[in-house]
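See structure below.
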2 protein chains.
Amino acid sequence: MTHPTARPRNAAATRQAILTSAITAFTRHGYDGVGVRDIAADAGVTAMLVNRYFGSKEGLFTEVVDVSFAEPTMVPPGPADLAAETAGALVARTAPEADHLGPFELMLRSAANPRAAEIIRAGIEKHVGARFTAALNGPHARERAELGLALLAGTWLLRRLVGTSALRDADPGLLTAQVTRMLSVVVEPPA
Amino acid sequence: MTHPTARPRNAAATRQAILTSAITAFTRHGYDGVGVRDIAADAGVTAMLVNRYFGSKEGLFTEVVDVSFAEPTMVPPGPADLAAETAGALVARTAPEADHLGPFELMLRSAANPRAAEIIRAGIEKHVGARFTAALNGPHARERAELGLALLAGTWLLRRLVGTSALRDADPGLLTAQVTRMLSVVVEPPA
DNA sequence: CCGGCAAGTCTACAGCTGATAACTTGTCAT
DNA sequence: ATGACAAGTTATCAGCTGTAGACTTGCCGG
């Protein structure tokens, strides 16, 4: 059968191909919305290799979450105008024409499953929450950081996944300004 | 076979029993997380009656969303201190020990499925968004209302479904105060 | 008393799920 | 060149999904 453009036998490369395929699949359709056969086929292998290399679908998802949440999206290092920059990035990436995939989409599409939600919680607390918290000064930084994340996640949900009309059709500038003001409440250290 | 406590043949009552069972099931496990057999069994009937009375699983979900989003949760009529009251209700209902089921849980657990998401969008725009918008004065009321909803939904997501530690263990009073301040940004009419 | 019609059920289908065990095939060191 | 081990595959499992058709059962008007 051997495919014309057959990949040479290479465990590391195959593992990586599965992981890459899984990242986009889980992000696009959520943990329960995709099967291991889809992921494997997209990587050009059979489904059994998922279990061989990642133990189980859940193990694969754990690694996907870890990788996806590790890359520093959404929180630029410059603390100069954190609220405005974050709001701008959010609005741009949730624009109807944008096709950005990332941790927010992954979280929103998989959080319905309790086991997936627990894996996501670990990922947030290890990566995103920590980064966001570190960018804030003053007391209650963790709570303020997670409230900021909540606003971003909720906006992403309504604007991209659900697609409510007001947020979908809103003027980007206006939207950025509003989100910036809401974010500032938790970004700027309390007096 | 006839069950000992058999319900008398009553189409309306049976339909209602299925609907009630579906509301709690969909809210607890999401659209994709529950099967029509589970719902029917919980209502004491066979799965076929779901199709008989609601056409399909999707038709049943549509009615569930409509009913669930119609009841005026989360937005009290008194516009006196809308932000504070809404924030208080949110924090109370998302407390770890609370077992409140409602439209937010239903939305968050089902939004991953695009078909369900579209049904939810319709429900929001028909009921929740309209109520929330009507409570706001000033320009861009719809955008501000949906941003408020986004904050509520995101907080619900992180605090209840995902369970990030900072929000889960936060002092309720402090949390209510922070959410109130963020909500005020969109609730109070811009100068 | 009983016939008709609606309420409700049984059986079945075609397709999917994640996972396991046993099998074949390619590659590299000797 | 060849043997050994890893890489990859095929076959299969038990269970679930939503829905369709044909069936039985109970109630209510005459």
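Here is the naming used below: chain letters follow the sequence lines, and residue numbers restart at 1 for every chain.
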Atom NZ of A/Lys57 and atom P of C/dA19: how far apart are they, to the nearest Å? 8 Å

Looking only at side chains, do A/Ser165 and B/Arg142 share a donor and an acceptor under 3.5 Å apart? yes

Quick one: pull up CG in B/Leu82 and CG in B/Leu183 and give me the separation to the nearest 0.5 Å. 7.5 Å

Under 3.5 Å, which protein N or O atoms sit close to an N or O of nucleotides 21-23 of chain D? Give each pair with its distance.
none

Between CD on residue B/Glu105 and NE2 on residue B/His29, distance to nearest 0.5 Å: 10.5 Å

Kindly say if B/Thr14 contacts the phosphate of C/dA7, meaning a side-chain N or O under 4.0 Å from OP1 or OP2. no

Nearest whole Å is fine: how far is C/dT17 P from A/Ile39 CD1? 10 Å

Row check, A/Phe26 ring normal vs A/Lys57 NZ/CZ: under 6.0 Å, within 45°: no

Please list residues of residues 27-38 of chain A whose heavy atoms come under 4.0 Å from any atom in DNA chain D, ordered by number; otherwise none. A/Arg37

From CG of B/Asn113 across to C1' of D/dG18 the rounded distance in Å is 13 Å

Counting only side-chain heavy atoms from C-beta out, which of C/dT9, D/dT19, D/dA6 sits nearest to B/Thr46? C/dT9

Distance in angstrom units between A/Asn51 CG and D/dG8 C1', rounded: 14 Å

From B/Leu175 atom CG to B/Thr94 atom OG1, the distance as rounded to the nearest 0.5 Å: 7.0 Å

Taken to the nearest whole Å, CZ/A/Phe61 to P/C/dA19 is 14 Å

Decide yes or no on side-chain contact (heavy atoms from CB on, under 4.5 Å) for A/Tyr31 and A/Glu58, but give the supporting numbers first. CA-CA 9 Å; A/Tyr31 181 79; A/Glu58 206 171 304; 3.8 Å; yes

